[in-house]
Amino acid sequence: MIGMMYLVLTALLALNVSADILDAFAIVNDGLEKTNASVESKIEDYYNIFEQQYIREPEKAKVYWDKANEIRVKTDEIINYIEKEIKVPLVLETESITEQELISSKDTKKSLIRNVEKINPENRRVFYEFDLNNIGAKDKYDAATNFMINKGNATILKNKIQEYREFIVNTVEEAGLANYNKYVGLLTDYDFDGKKIIYTDNDGQELSWENKNFDHIILTAEIAILNKIVGEIQTTEYDAITALIKQIGSSDFKFESVQARVIQKSDFIIKGQNYEAEIFIAAADTSKAFDVKYYMGTDDYNKAKGEPVKLNSSAGKVMLRFPTNAVGVQKYAGRIEIPRPDGTTAYYDFNETFQVVAPSVTVAPINMMVMYEELQNPISVSAPGFTSDEVSITVEGGKYTKGANNGEYFVEVNKGTKLVKVHVSARDDNGKMVDMGCQEFRVKMVPDPVVKIGDITGGKVDKEVLLSIGRVMAVMKDFDFKDFNYTVDSYTVSTYRGTFIDKQNKGPKFSDEVIALISNAQTGQRIQFQDICVKSPKGEIRNVGSINIQIK
């Protein structure tokens, strides 16, 4: 809206118009003032939202809330300067009246200010809405030019705009959002890349920013130009606090992809042993406390009767432990209750089954019922009636090392093996080795990791979010070997902007070329991260796919 009105204003300035046509400037200015008032209301609402977020999550929001308040104070200063030190004196000098006469006009129909009753010096910001139809010198520029150019007020204003712009960029970047310079307007002498902006008159003669906007410009047009600058400042402020509050969201509990997760130590248990499992919120903040309630003997929490067992979280998880006294398939169902930032409670249900068997020789993997190539696969071996020192194993299709705990072994599979057999024997009281049985394990390759940019796997994304993350990551999803992971070795970033552009990237972090490509991307432009290659701890390279992004 502001941009369209300014186009109309610029077109009118290019014409040699009569006094009657100059009334059109009043229409343009009225629109600018209404738009600025509307934006100001939205800004105040957003600060209120920001403050509520800070009250609920002070430990997360404080650094961003403090930056937002610094921006608010700085914006107060420059808007009040334009309104009180530029617009009002400009009108006073051009109309040859006093400030008292300006504010206390007895004839409201002829008053130069429409919102006199709303002007309160105690407000953070004061906005003067001039009725340009009532200005007598609307087609004069001598006094206006003298005030803005000869007295140097245009240069002072330009310097304050440049200072304000630099302050906004530095403040937002200090909060963790890189390369914010590209998203801030208010350009005067130089463009985004530091290149000098050339202004010219109708004859092609070069002009300064001051002369372009205020030299031999009639009063009504200068007021409209000043209101256009105020609108740009408000937009800059709104965008900055929006960027800051999004930074809170990157670490806040505000997502709906939360799932209840249960990691059980084993689903095959000897009678008399304890069942053990960890219950937690996937991707949850460990500082968030939550409750777990569960019933035994059911797989549906909502259909259970009586009072559930209640447990409280610690460090973002609940340790579930109960005895197993009955043989057979056992089941339980539960619910996680966690408070949302808005004060409501989120509920996430879960259920699990496990099997309890009578004592016998047991060879059970700690993590899963298969073994993987390239890994040290942990297993625990026990035999009823024998101590761990009396039990020994041999591995067919691999080799093993003993772990630190009793009965713990780590099996490394021979390359190309599809089946591993673990033979167990035990030494009886006579010193004789007794065959206790054999357990077979299927061998699998380690699954491919999921490649992400932060939590992003594709879709529409703000480019500032991409730049703030700045790297491609490889994550082993739902893989129980927590210490095993791939690292991103290389990938290609491709896009189309008149021609196809490919940038090779080595390592996970965005190169300078990739950063520039993303920074210059337009809304709707598609960017592909292709041929993403990852490296295993043993140096194996795999091509694991791509991530397709569209810039919002």
Side-chain angles (χ1 to χ4, degrees), residues 169 172-173 175-185 187 190-197 239 242-243 246-247 249-251 255 257 283 373-374 445-479 484-552:
V169 171
V172 175
E173 289 185 348
L177 199 60
N179 300 316
Y180 194 68
N181 175 68
K182 297 287 186 180
Y183 309 105
V184 183
L187 301 172
Y190 300 95
D191 63 15
F192 292 113
D193 298 318
K195 185 179 179 181
K196 185 177 180 181
I197 300 173
D239 290 344
T242 299
K246 282 182 178 179
Q247 290 294 95
S250 65
S251 59
F255 40 83
S257 61
E373 294 181 358
E374 290 194 272
M445 291 182 61
V446 175
D448 288 343
V450 176
V451 286
K452 301 180 178 182
I453 301 173
D455 287 330
I456 299 165
T457 57
K460 295 183 177 181
V461 184
D462 287 328
K463 61 183 178 181
E464 56 266 28
V465 174
L466 290 177
L467 292 170
S468 65
I469 298 170
R471 64 178 57 238
V472 176
M473 295 171 284
V475 179
M476 297 301 293
K477 184 178 181 182
D478 299 329
F479 191 58
F484 182 91
N485 211 338
Y486 288 90
T487 57
V488 175
D489 183 72
S490 63
Y491 50 93
T492 301
V493 182
S494 303
T495 190
Y496 181 83
R497 193 165 62 242
T499 183
F500 286 100
I501 301 173
D502 292 322
K503 300 295 182 183
Q504 304 298 320
N505 202 100
K506 187 65 176 174
K509 187 176 180 181
F510 293 172
S511 67
D512 291 342
E513 288 185 326
V514 171
I515 291 173
L517 184 149
I518 295 172
S519 298
N520 294 325
Q522 304 297 315
T523 298
Q525 185 173 333
R526 295 183 182 277
I527 299 176
Q528 293 83 37
F529 294 77
Q530 303 178 106
D531 296 325
I532 302 175
C533 292
V534 297
K535 182 188 293 185
S536 74
K538 288 193 174 182
E540 178 193 1
I541 302 293
R542 291 190 192 181
N543 187 323
V544 293
S546 61
I547 303 172
N548 295 317
I549 300 295
Q550 185 177 17
I551 300 299
K552 282 187 179 180

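Applying the side-chain contact (heavy atoms from CB on, under 4.5 Å) rule to Gln504 yields the partners Thr492; only residues at least two apart in sequence or on another chain are considered.
A donor-acceptor pair under 3.5 Å links the side-chain atoms of Thr523 to the main chain of Lys552, judged by distance alone. In this structure, Asn485 contributes its side chain and Thr487 its backbone to no donor-acceptor pair below 3.5 Å. With hydrogens and angles disregarded, no donor-acceptor distance shorter than 3.5 Å links the side chain of Gln550 to the backbone of Gly459. The backbone N or O of Met445 lies less than 3.5 Å from no partner atom in the side chain of Glu373, so there is not a single donor-acceptor pair.
In summary, Asp448 and Lys477 do not engage in a salt bridge, as defined by a charged side-chain N under 4.0 Å from a carboxylate O.
Contacts classified as salt bridge (Lys or Arg N to Asp or Glu O under 4.0 Å) and involving residues 515-537 (residues at least two apart or in different chains) are given here: Asp489-Lys535. Contacts classified as salt bridge (Lys or Arg N to Asp or Glu O under 4.0 Å) and involving residues 458-467 (residues at least two apart or in different chains) are given here: Lys246-Asp462.
Side-chain contact between Asn505 and Glu513 is absent, with no heavy-atom pair separated by less than 4.5 Å.
Between Tyr491 and Phe529, the ring-plane angle classifies as tilted under the 30° and 60° cut-offs. A perpendicular orientation is assigned to the rings of Phe484 and Tyr486, their planes being inclined by more than 60° (bins at 30° and 60°).
Enclosure of atom CG in Asp512 is not indicated, since only 12 or fewer non-hydrogen atoms of other residues, nucleotides or ligands lie within 6.0 angstrom.
No side-chain donor from either of Gln528 and Thr495 sits under 3.5 Å from a side-chain acceptor of the other.
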